[in-house]
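The structure appears right after this line, and notes come after that.
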Amino acid sequence: MTTVAHTPPSGPQHTAAETIAGVCEAARTHRAYGEEHSTLHPQVWQALRSSPLPRAALPKQCGGLEWDAPRIVEAVRAVAAADPSAGWAAAIHAPAGAFLARLDPPLAKELCPPGQTALAAPVIGGSSVPAGTTAPAGNRVRLQGSWPLVTSAPQLTLVALAARAEEGTRWWLVPGTELRLEDDWDAVGLRGSASHSVSCDTLVPADHSVCLTDPARIDGALYRFPLYGLMAACIAAVAEATAERALQEFAALAQTARPRHATGILAHLPAAQEHYAAASARLSAAACLMREAVGQAWHDAVRGPVENGARARLRAAGAHLAATSAEVCQSVFEAAGAAGLYRSSLLEGCWRDAAVASRHALVAAHGRRLAGAQMLTGSAGGQL
């Protein structure tokens, strides 16, 4: 396994770490709010927006930070450990700044508000579903459509919306003010993520679109790192943190729960002990594979292009971690028996959140198929 040495945080990085800790504290405090209201608490939104996360992958010329990929993934995991819905928002917005690295640099700078403060950074998100249509309109393009599952839809300042073109799918960058919001997010899990549908019928400058598999216009390790792979790793990090929380909740519950017909507490039952050990080992193994794949791809990106084999391994690892996390959450929820039915244990909430996270296209069946196609036939490199 290849490891990459990182300089210990100092100076401004301490401030960044403290700010992320503040996001985690706010998310932990207001976790129940998202379950009830299908959006994050205003204080959590404020903490996220003023944190380094929206600027983590944004080009420096746009006021961004250009963090390294492993650091972005770990920051997302930390927030998700406090609240999976807040972590999901972080998983979408933290890597999305790299979209602007696919634009001409002067244009990318124009799309960012003036100033270098955190509150001036754009909050970028969007939908990968190519549900839009485009038609030429002079030097602009008319973009029409309705897109589902747009995380943090009410909070976005710049939205990337997918539409098919002759050369493949392109993402059109539209100001959040141009969108119509459909209040339709009422899902079983990640309820606080406010992943509503949006629609628009607007004119967009012809050069305000990107293809995420095209090389970035700005050189740098972060922009040589596979963008789809980075987004998949962030999503998998949310699922991992959720499964870790489920294991913690099961361990705590096992100290007091007394299954019917058992002579002692759940923690003393051999079947529960075996089940917990197996689930913990599966999650740890999948997480180690993910970290190794991210580390190797980052090691390669620091030195030059990331080869297709490393890209495929990164996508496969992300899909495997997401699926394993969902399986672990379901397995410990079932192993808890009737004691796990109460919302106070958080087990059922972890199960619901991980089930939703594992269904994102980047880590679900489509992501695994792309990785497998590259591994078996060498034919999917351009889509990784």
Side-chain angles (χ1 to χ4, degrees), residues 49 54-55 57-64 66 92-93 95-116 119-184 194-220 222-223 226-228 230-231 361-362 382-383:
R49 289 199 63 173
R55 296 181 294 143
L58 197 68
K60 289 182 178 179
Q61 67 171 37
C62 300
E66 295 187 26
I92 299 303
H93 307 319
F99 288 17
L100 298 192
R102 270 76 188 166
L103 293 172
D104 283 333
L107 175 58
K109 195 170 183 179
E110 286 179 16
L111 291 177
C112 295
Q116 302 298 314
L119 292 178
V123 178
I124 305 173
S127 174
S128 61
V129 179
T133 61
T134 58
N139 63 348
R140 294 175 174 256
V141 169
R142 185 175 187 179
L143 177 67
Q144 296 175 294
S146 178
W147 291 262
L149 304 173
V150 179
T151 295
S152 307
Q155 303 293 327
L156 298 178
T157 59
L158 190 62
V159 190
L161 300 172
R164 297 197 187 279
E166 291 184 4
E167 67 275 20
T169 299
R170 296 192 69 81
W171 299 54
W172 296 85
L173 299 171
V174 181
T177 53
E178 295 291 321
L179 302 181
R180 293 184 298 274
L181 177 67
E182 299 176 31
D183 189 6
D184 60 358
S195 298
H196 300 287
S197 298
V198 302
S199 60
C200 75
D201 181 354
T202 189
L203 296 177
V204 184
D207 55 354
H208 284 212
S209 73
V210 298
C211 177
L212 299 189
T213 55
D214 283 350
R217 304 290 185 91
I218 300 172
D219 191 32
L222 178 59
Y223 305 127
L227 181 51
Y228 277 137
L230 176 59
M231 293 190 292
L362 285 174
Q383 303 175 64

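Computed from a predicted structure; not experimentally measured.
Not counting sequence neighbours, Asp214 has no partner by the side chain to side chain donor-acceptor pair (under 3.5 Å) test. Residues passing the side chain to side chain donor-acceptor pair (under 3.5 Å) test with Arg164: none are found, sequence neighbours excluded. Qualifying side chain to side chain donor-acceptor pair (under 3.5 Å) partners for Ser195, counting only residues two or more places apart in sequence or in other chains: Thr151, Ser193. Listed by chain and number, the residues in a side chain to side chain donor-acceptor pair (under 3.5 Å) with Thr157 amount to none (sequence neighbours excluded).
No side-chain heavy atom of Pro106 sits less than 4.5 Å from a side-chain heavy atom of Lys109. Annotation: side chain of Leu212 is in contact with side chain of Val210 (closest heavy-atom distance under 4.5 Å). Residues Pro122 and Leu111 form no side-chain contact, since every pair of their non-hydrogen atoms from C-beta on lies 4.5 Å or further apart. By the 4.5 Å heavy-atom criterion applied to side chains, Pro105 and Ile218 are counted as neighbours. Using a 4.5 Å cut-off on side-chain heavy atoms (C-beta onward), Val159 and Trp147 make no contact. Using a 4.5 Å heavy-atom threshold, the side chains of Leu179 and Leu161 count as touching.
Between Gly97 and Pro59, the shortest heavy-atom contact is O-CD, 3.5 Å. Taking every heavy atom of both residues into account, Ala98 and Leu227 meet most closely at CB-CD1, 3.8 Å. Closest approach of Gly63 to Arg55, counting heavy atoms only: O-CD, 3.5 Å.
With rounding to the nearest 0.5 angstrom, the OG atom of Ser127 is 14.0 Å from the NE2 atom of His196. Rounded to the nearest 0.5 angstrom, Ser152 OG and Arg49 CZ are separated by 10.5 Å. The CG atom of Leu158 sits 9.5 Å away from atom NE2 of His208, with the distance rounded to the nearest 0.5 Å. Atoms CG and SG, from Leu58 and Cys112 in turn, are 4.5 Å apart once rounded to the nearest 0.5 Å. Taking CG of Leu173 as the reference point, atom CG of Leu103 lies at 5.5 Å (rounded to 0.5 Å). With rounding to the nearest 0.5 angstrom, the CZ atom of Arg170 is 6.0 Å from the SG atom of Cys211.
A side-chain donor-acceptor contact under 3.5 Å links His93 to the backbone of Ile124. Using a distance-only test at 3.5 Å, with no hydrogens or angles considered, a donor-acceptor pair links the side chain of Tyr223 to the main chain of Ala57.
Between Leu156 and the options Ile92, Val123, Val174, a side chain to side chain contact (heavy atoms under 4.5 Å, CB included) holds for only Val123.
Listed by first then second residue, pairs satisfying side chain to side chain donor-acceptor pair (under 3.5 Å) with a partner in residues 171-182 read Ser146-Glu182, Glu178-Thr202, Arg180-Ser199, not counting sequence neighbours.
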Show which side-chain atoms of residues 128-143 pair as donor or acceptor with protein atoms under 3.5 Å away, not counting sequence neighbours.
residue: Arg142; atom: NE; partner: Asp201; partner atom: OD1; Å: 2.8
residue: Arg142; atom: NH2; partner: Asp201; partner atom: OD1; Å: 3.2
residue: Arg142; atom: NH2; partner: Asp201; partner atom: OD2; Å: 2.8

